[in-house]
Amino acid sequence: MFAQDDLGGHGDSADPANLWLYHAAFERIAASANDTLFVAVGEGEVVGTFQTTLITSMTGKGSSSLIIEAVHTRSDRRGLGIGAAMIGHAIEQGRVHGVRLVQLTSNATRVDAHRFYTRLGFVQSHLGFKMKMR
């Protein structure tokens with residue numbers, strides 16, 4: 001699914017030579033107490049995925065936030081409510097953990113995704129900055 005993403009610019013690949021990189025990332029996520037990887041399954045196939053990170057900060061009186069990352073619905077399954085169900089599940093995980101805030105970022109080119117997140121109740125409130133390291 002990630003390799004089919006033309007807008008993300010993440011450099012993902014279905015090349016079997018890169019499979020070890022995805023396995024290593026999965027192992028790091030699975031070993032982390034604050035990171036969770038979720039998959040949505042429909043008709044016995046993976047149709048979507050996202051991950052969450054629970055982060056506690058000194059701001060907000062030491063409150064925690066839930067960050068939603070790498071949200072992706074398989075292209076042939078978009079518009080069926082899968083993404084909304086995944087985000088709804090992430091928000092519920094935030095409630096379970098008593099977070100002050102659920103947040104996510106979205107590539108500036110993803111206009112459809114921005115409309116989707118706004119429809120779900122997210123507010124575009126900050127500017128993001130990145131520095132590519134590799």
Side-chain angles (χ1 to χ4, degrees):
M1 282 190 300
F2 295 126
Q4 296 171 348
D5 181 11
D6 294 331
L7 293 177
H10 300 289
D12 286 300
S13 168
D15 184 340
N18 293 319
L19 191 56
W20 72 273
L21 295 166
Y22 296 100
H23 282 282
F26 177 82
E27 292 300 325
R28 285 193 305 273
I29 293 166
S32 170
N34 292 321
D35 295 304
T36 307
L37 177 67
F38 295 90
V39 295
V41 178
E43 299 173 10
E45 296 182 343
V46 173
V47 295
T49 186
F50 68 96
Q51 65 189 78
T52 61
T53 299
L54 185 64
I55 185 169
T56 301
S57 173
M58 295 302 291
T59 61
K61 300 177 185 165
S63 65
S64 296
S65 298
L66 188 78
I67 300 170
I68 304 171
E69 177 70 23
V71 178
H72 198 82
T73 301
R74 206 171 75 189
S75 60
D76 65 329
R77 301 300 291 272
R78 292 188 185 136
L80 301 176
I82 295 165
M86 291 191 304
I87 296 300
H89 187 74
I91 292 167
E92 184 55 32
Q93 293 302 301
R95 284 190 183 99
V96 166
H97 290 288
V99 302
R100 175 180 66 92
L101 181 72
V102 174
Q103 61 186 356
L104 54 82
T105 61
S106 179
N107 189 302
T109 63
R110 295 185 182 279
V111 178
D112 291 341
H114 302 165
R115 281 193 297 270
F116 168 72
Y117 294 129
T118 299
R119 191 178 83 240
L120 295 178
F122 288 85
V123 176
Q124 191 174 6
S125 63
H126 289 67
L127 292 175
F129 298 90
K130 294 184 179 189
M131 179 186 293
K132 286 213 176 207
M133 301 299 286
R134 59 178 178 101

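The hydrophobic cluster containing M133, built from Ile/Leu/Val/Met/Phe/Trp/Tyr side-chain heavy atoms closer than 4.5 Å, also comprises M131. Other members of the cluster containing L127 are F129, with ILVMFWY side chains joined at under 4.5 Å, either directly or via other members.
Screening residues 58-68 for salt bridge (Lys or Arg N to Asp or Glu O under 4.0 Å), with sequence neighbours left out, gives no hits.
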Return all side-chain donor-acceptor pairs below 3.5 angstrom for residues 83-101, not counting sequence neighbours, or 'none' if the list is empty.
residue, atom, partner, partner atom, Å
R100, NE, S63, OG, 2.7

Report, one line per pair, each donor and acceptor closer than 3.5 Å where one atom sits in a side chain of residues 36-48; sequence neighbours left out.
residue, atom, partner, partner atom, Å
E45, OE1, R74, NH1, 2.9
E45, OE1, R74, NH2, 3.3

Report all side-chain donor-acceptor pairs from residues 50-59 shorter than 3.5 Å, counting only partners two or more places apart or in another chain.
residue, atom, partner, partner atom, Å
T53, OG1, D35, OD1, 2.5
T56, OG1, S64, OG, 2.7
S57, OG, T59, N, 3.1
S57, OG, T59, OG1, 2.9

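Residues meeting the side chain to side chain donor-acceptor pair (under 3.5 Å) test with S106, sequence neighbours left out: H114. With sequence neighbours left out, R119 forms a salt bridge (charged side-chain N to carboxylate O under 4.0 Å, His left out) with no residue at all. Every residue was checked against the side chain to side chain donor-acceptor pair (under 3.5 Å) condition with R28, not counting sequence neighbours, and none meets it.
When side chains are defined from C-beta on, I68 counts as touching F122, because their heavy atoms get closer than 4.5 Å. R110 places none of its side-chain heavy atoms less than 4.5 Å from the side chain of R115.
Distance check, rounded to the nearest 0.5 Å: CZ of R78 to OG1 of T73 gives 6.5 Å.
When the side chains of ILVMFWY residues are joined at heavy-atom separations under 4.5 Å, either directly or via intervening members, L21 and F26 end up in two distinct hydrophobic clusters. In terms of hydrophobic clustering, with Ile, Leu, Val, Met, Phe, Trp and Tyr side chains grouped at heavy-atom distances under 4.5 Å, V102 and V71 are assigned to a common cluster. No continuous path of ILVMFWY side-chain contacts below 4.5 Å connects I29 to L66, so the two sit in separate hydrophobic clusters.
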